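Counting convention: from 1, in listed order, for ligands and their atoms alike. We use all heavy atoms of the structure for the numbers below, so side chains are in, but hydrogens, waters and symmetry mates are not. Computed from a predicted model, the values in this text were never measured in an experiment.
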Amino acid sequence: MFWFCRYQTNLDRCEEVPSMKIIHISDTHLVAAEEKLHGLDPGERLRQCFEDIMTHHTDADLCVLTGDLAEAGHTGAYVLLKQLMMLLPVRTFLLLGNHDHRQRFCDVFSNVPRDPHGFVQRSEVTSDGVLLFLDTNEPGTDEGVYCELRHAWLREQLAQYHDRPIYLFMHHPPFDVGLPDLDAMRLRDCEKFAQTLTGHNDIRHLFFGHVHRPINGRWRGIGFSAVHGTNHQVPLLLNKDPLNGAFAFCQEEPSYGIILIAKNMTTVHLQPFLNRQPIYYEDYK
Ligand SMILES: [Fe+2]
C-alpha cells in the first residue's frame with residue numbers, strides 16, 4: 001500500500017494524504033515479438049516502461065492500461081503482453097481499445113473479469129472511492145461505443161455506489177479534445193454518456209487513452225487526464241483537416257501517468273521513461 005512521506009516545514013499541514021497510487025499506461029500497440037511498428041519495437045518500449053516503474057513505483061497499488069493493447073488485435077501481441085506483465089510486481093488491469101480484438105484478448109487472458117454480456121469491464125472498491133473500468137471497444141469501428149448494455153451496466157454501478165467517489169477509466173474520450181483525427185473517432189453517444197454521469201454527484205476523475213498525448217482538463221465539472229502511448233504518438237495539430245490526407249503520427253518521447261488519490265484530492269503526474277536524466281542536489285536557502 002502506498003502512503004505519502006512528508007517532512008517538517010513551516011507550511012500549514014496538508015491533510016490530503018494520498019492513500020492510493022495508480023500507474024496509468026496506454027496505447028501499447030503491441031505486435032508479435034520481433035515485429036516493428038512505426039520503425040519502433042512496441043514490446044521493447046513497454047519493457048522499458050515496466051522497468052522504470054519497477055525502479056521507481058513498486059509501491060503502486062495498481063497499474064491500469066487503458067486500451068489499444070495490441071496494434072491489430074493479434075494473439076501473438078497478447079501473448080507478448082502476458083509475458084511482459086510477469087515482469088511487473090504490481091496488480092494490473094487491462095482495458096480494450098479500438099485496435100483490440102475482444103475474443104483473442106480473452107483467449108489469452110482467460111481469467112480477466114468480464115461482465116455478464118462479455119464486456120471487459122469491472123469495478124474495484126477502494127478506501128477512497130470506487131474505480132470503474134468501462135469497455136468502449138466495438139468490432140468494426142474505430143469509434144468508441146456506449147451501447148444500451150454498457151449504459152445499463154454503468155447506471156447500475158453508479159446507483160450501487162451512489163455515496164462513494166467515482167474514478168472512471170476507459171479507452172475513448174467522450175468528447176472532442178481538439179485533435180481532428182481523433183475527434184472523428186471519439187466515443188459515440190457522448191451525450192447519453194454525459195447524462196448517465198449526471199446521475200452521480202461525485203465523479204472525481206476520468207482517465208482515458210486513445211489520444212496518444214498528455215491532455216488534462218475539466219469536462220462538465222469532471223477532471224480528466226490522458227497519457228502518451230508507450231510506442232508512437234499523435235502530434236499536436238489542432239487545425240488538421242481530418243478529411244485531407246493520412247493520419248498524423250510523431251515520435252515524441254513516451255510517458256506514463258502516476259495517479260495519487262486522497263480523500264479530497266486527485267493528483268496526476270506524468271513521467272517520461274526513455275531518457276531519465278540524473279538527479280542532483282544543491283542546498284536551497
Ligand atoms: Fe492507440
Side-chain angles (χ1 to χ4, degrees), residues 23-32 35-50 63-74 76-78 80-81 84-85 92-102 104-105 109 120-121 133-146 168-188 190 206-216 224-237 240 242 246-257 270 272-274:
I23 304 298
H24 181 193
I25 298 172
S26 201
D27 292 82
T28 52
H29 285 259
L30 292 174
V31 293
E35 290 182 15
K36 291 276 178 23
L37 180 67
H38 295 266
L40 305 169
D41 181 341
E44 174 58 16
R45 282 288 179 92
L46 184 58
R47 189 197 64 74
Q48 290 175 285
C49 179
F50 283 174
C63 179
V64 181
L65 275 65
T66 49
D68 280 2
L69 307 170
E71 164 66 7
H74 291 161
Y78 297 124
L80 176 60
L81 176 59
L84 289 168
M85 282 172 58
T92 302
F93 286 4
L94 304 173
L95 275 170
L96 300 181
N98 48 299
H99 282 253
D100 289 306
H101 188 287
R102 188 178 289 111
R104 290 186 205 132
F105 166 79
F109 291 91
V120 181
Q121 50 191 21
F133 302 88
L134 180 69
D135 183 342
T136 58
N137 167 281
E138 183 75 8
T141 179
D142 283 321
E143 294 173 47
V145 169
Y146 181 61
L168 189 52
F169 295 80
M170 56 204 287
H171 180 71
H172 293 82
F175 45 78
D176 289 347
V177 297
L179 298 169
D181 282 345
L182 290 158
D183 291 342
M185 52 170 141
R186 59 157 163 73
L187 187 75
R188 279 184 207 164
C190 56
L206 178 60
F207 300 92
F208 53 86
H210 194 51
V211 293
H212 292 239
R213 290 204 64 75
I215 302 178
N216 305 283
F224 65 81
S225 304
V227 292
H228 280 119
T230 52
N231 193 62
H232 53 283
Q233 316 305 340
V234 169
L236 185 59
L237 295 177
K240 182 176 183 294
F247 207 97
F249 297 102
C250 68
Q251 296 192 2
E252 291 176 10
E253 184 173 358
S255 61
Y256 61 87
L270 192 71
F273 59 87
L274 285 187

Worksheet entry | ring-ring contact (aromatic ring centres under 6.0 Å, His included) partners for His232, two or more places apart | His29, His38, His212, Phe249

Fill in: Passing candidate, side chain to side chain donor-acceptor pair (under 3.5 Å) with Thr66, options His24, His172, His210
His24

Worksheet item: Are Phe224 and Phe175 close enough that their ring centres sit under 6.0 Å apart?
Response: yes

Discussion item. I'd like to verify the contacts: list protein N, O or S atoms under a distance of 2.8 Å from the Fe ion (ligand 1).
Written reply: Asp27 OD2, His29 NE2, Asp68 OD2, His212 NE2

Worksheet entry | By side chain to side chain donor-acceptor pair (under 3.5 Å) - contacts of Gln48 (at least two apart) | none

Worksheet item: Rounded to the nearest 0.5 Å, how far does NE2 of His99 lie from CG of Asp27?
Response: 8.0 Å

Discussion item. Once side chain to side chain donor-acceptor pair (under 3.5 Å) is applied, do any residues pair with Asp176, and if so which ones, sequence neighbours excluded?
Written reply: Arg186

